[in-house]
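Okay, so here's the structure we're looking at.
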Amino acid sequence: MSSRQRFDLIIVGSGPAGIATASHAHDNGINYVLLEKTDHLSDTIFCYQARKYVMAEPMAIPARGDVPFEAGSREQILGAWESHAKNKQLKVEYNKEVKSVKKVGATFEVKAADGSEYEGKWVVLAMGTQGSQRKPGCPGEDMSHVLYRLADPSEYAEKDIIVVGAGDSAIEIAVALADENRVSLVVRSAEIVRAKDSLIREVLTRQAQGSMTVYYGTTLKEITLGHTDLNVRGETVRVRSDYIFLKLGADAPRKFFESIGVKYTSSDKDARPSLTPQYESVDVPGLFLIGAASGRDLVKLGMNQGWEVVEHLCGRKVDPADEAVLKERLPHWSGSVVERMQQIKQRVPLLAAADDENLREMFLSTNVREYRDGEAIIRQNDYTNEFLIIAEGRVQLWVSPEGSKEQRKITTMTAGNFFGEMSLISGRRRTATAIAEGPTRIIEVPRKAILKLLVTSPRVKDLVDQAFLIRAIQGYLFGDTPATVLGELAAKATMITLAKDAPVFKEGDPGDAFYLIRNGMVKIGKTSNDKEIVLSYLVAGNFFGESALLEGAPRTATVTTIFPSELIKLSKRDFDQFLDSQPELRKKLLKKLEDRRVLSLIAEATPGSGSILNDLIREEVVMGTHSLIIDNHKCVRCSNCIRACEGVHADGQSRLSLTGIQLYNLLAPNSCWQCQNPMCMLDCPPDALTRDPRGEVYIRSNCIGCGNCERNCPYGNIFMVHPKHEGGGLFGWIKGLFSKEKAAHDEVERTLAVKCDLCREISGGPACVRSCPTGAAVRLTPEEYRGTLEELVIMRGER
């Protein structure tokens, strides 16, 4: 056994955080040593696939220290670090896997696997998670074709490959392999939340183009040679697989850290160690955890932490690198960022359920806005999707019943409350109008930032889900009932996930539960003469199944998912117990159910409209928020609609084509349907495609004509065109002949994307509808489908 070596500072792990710590310690004359378990620097990045591009994020936060780090390939970054370590002659000892760290008095004793022993005043744990990959826990996970890293994408061609995971690493592997292989990406959650926006766009683009298959809400069931069984929202799907790459994340060596005395904020697997603002263990003074060991795995953040630890050891006060940025984000509070967050957490119980590191990350993308008394914060039916927290003041929520212009006040919310979770969870329009009562300060959190917080903070997610359920029950069942009363009922709810076309219950089944649609869509149908009659379809935020609960009768209809859906389920027993304790609510509910029963009888009396509604569902016209429908019996093919469309747009291009889906005497022509979740917006390099609060998807003037939106639109409603010359007719043609720009125009035939934007900047509504001399063209919202279908088809004997 070698003699014990003594240092002031012992650094464990030579990843970016460890290198930054060693380099800054070297510059400050600290007696240090850097211990690395392999024979090379930064094993995590060393194990990246060949030529992988590494981003220098977050962009808003400056890098500290002189260790070089710019966005670039794996090889460039490793080369720069190796040169830096060599030129500075950093004290790195390779092949020193640390097996134990023990604090004896004021000194740490560190032992390596080869018997080497070290003694130091301080220890910095900058250990990565490369060797602690998470497994799916399914049969076959240890088979030889199941891999945890991709060495070189060029080694794979014409293979069936499954990549499991939804983080940056998983998506990068899937994208790297997709061009030469048949790749399936398995995502456990309903959407991709944690990955970079650019990577999410890449996945969605490839999915739309058919070059990658994505399974959401899916886990591995069993791995065998040649194929893998997936659990897709409760349904088993068999997929061919020559190779499987598991990127489910990795765990910091928690047991090792806990053996030293480090304690964690909770027992959850994603919990972070309890650290001071200087990354020092609260329970083991002198021990610092940085980089992935601290729960922050971005390269730049880890490097900054290493630099800050050395500054702290030198006795210099230093603020975190994101301090200045966060102070700008939180301008209305005083003190350090930690103090400002504490002031906010004291007022907002929801944020008090999250730890400071998760909040710092969230606040990097938030905005704080102030509203005057009576000013609208959001409006009902808008498509904005920020999550809103009341920091100061009061907010009134108002709703307008469907088909009515009158508004009804449903509640007043005070500081500390939040709203906007209905649109956040369901992905649909705002369900209420929010008005400031007196001067009001709102923290606006972008959808992706709050979704990431929900993933990393289970307690926050529970509170948001509970609020969603309570407010949905208030909105649809018990409007005047206080949230405190409904909380008892909401606490007993359970969540279920179902695949596309999955039955929720069937006609004749016992009525044993009530359902609320968290996200997705369902259809309600009955069987008549061996044919399905669709009575209605319901989108997120609606409820169903309540009638059988109260009457104790079997189900009178069949409910089936149209798309993958998440449902909140309340059992009959819990529902009955709640109503028994609130008899006045039972009376109100019976009145509401009677109204719905009448509507159901009307629907059953006109079964033809249900059949057509089923056709609309099958053709996915229901995806639209403003579908154009033409009554072919009224249409005289005058083309006024097309000429009007050409006339109101400066480029002279029509957004309308009289081709499309034929349903009886109806035509759903090729004209943008303003989809609820527009695929066209997923991969627009200049962000030219955007959506205004009213829901209209439109193309801004910075379109570069790349054609991604045309390829991504599944309905063929976006066209790539050559802009028409300014000034039509003979004069325009003659002018074009002598144009100085003609030569350049002839060399490059520039194309632009065009699509219907509902004449968003033109008063009077869509020109196609206004110009139709016979009234054949109508624009419909989903709520208007049934009534209009009855008028256009059923009442005229088309069915």
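Just so you know, residue 1 is the first one in the sequence shown, and it goes up from there.
- With Arg340 contributing its side chain and Leu330 its backbone, the two residues share a donor-acceptor pair below 3.5 Å.
- The CG atom of Leu397 lies 10.5 Å from the CD atom of Gln380; values are rounded to the nearest 0.5 Å.
- Residues Glu444 and Arg369 share a closest heavy-atom pair of OE1-NE, 2.8 Å.
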Just do the salt bridge (Lys or Arg N to Asp or Glu O under 4.0 Å) check on Arg316 and Glu308 with the steps written out, would you? CA-CA 9 Å; Arg316 295 188 286 265; Glu308 292 164 15; over 6 Å; no

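- A distance-only check finds no donor-acceptor pair linking the side chain of Glu370 to the backbone of Pro439 [under 3.5 Å].
- Every residue was checked against the side chain to side chain contact (heavy atoms under 4.5 Å, CB included) condition with Asp373, not counting sequence neighbours, and none meets it.
- By the 30° and 60° cut-offs, the orientation of the rings of Trp307 relative to His24 is parallel.
- Here Ile443 contributes atom CD1 and His332 contributes atom NE2; the two are 9.5 Å apart, rounded to the nearest 0.5 Å.
- Between Arg329 and the choices Asn367, Asp322, Thr366, the side chain to side chain donor-acceptor pair (under 3.5 Å) rule is met once, by Asn367.
- One finds the OH atom of Tyr371 at 11.5 Å from the CD1 atom of Ile390 (value rounded to the nearest 0.5 Å).
- Side-chain atoms of Ser294 never come within 3.5 Å of backbone atoms of Ala292 as a donor-acceptor pair (strictly under, hydrogens ignored).
- Heavy atoms from other residues, nucleotides or ligands lying under 6.0 Å from CZ of Arg254 number more than 12.
- Asp355 places a side-chain N or O within 3.5 Å of a backbone atom of Glu357 that can act as its donor or acceptor partner.
- Between Asp356 atom CG and Leu351 atom CG the span is 10.5 Å, to the nearest 0.5 Å.
- For Arg74 and Phe46, the positive end sits near the middle of the six-membered ring, less than 6.0 Å away and at most 45° from its axis.
- To the nearest 0.5 Å, atom CG of residue Asn417 and atom CG of residue Leu350 are 10.0 Å apart.
- Atom-to-atom distance recorded for Phe387:CZ and Leu453:CG is 8.5 Å, nearest 0.5 angstrom.
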Walk me through whether Ser23 and Asp66 qualify under side-chain hydrogen bond (donor to acceptor under 3.5 Å, both in side chains). CA-CA 8 Å; Ser23 180; Asp66 62 350; 3.1 Å; yes

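- Although no hydrogens or angles enter the test, the distance criterion places no donor-acceptor pair under 3.5 Å between the side chain of Trp122 and the main chain of Leu287.
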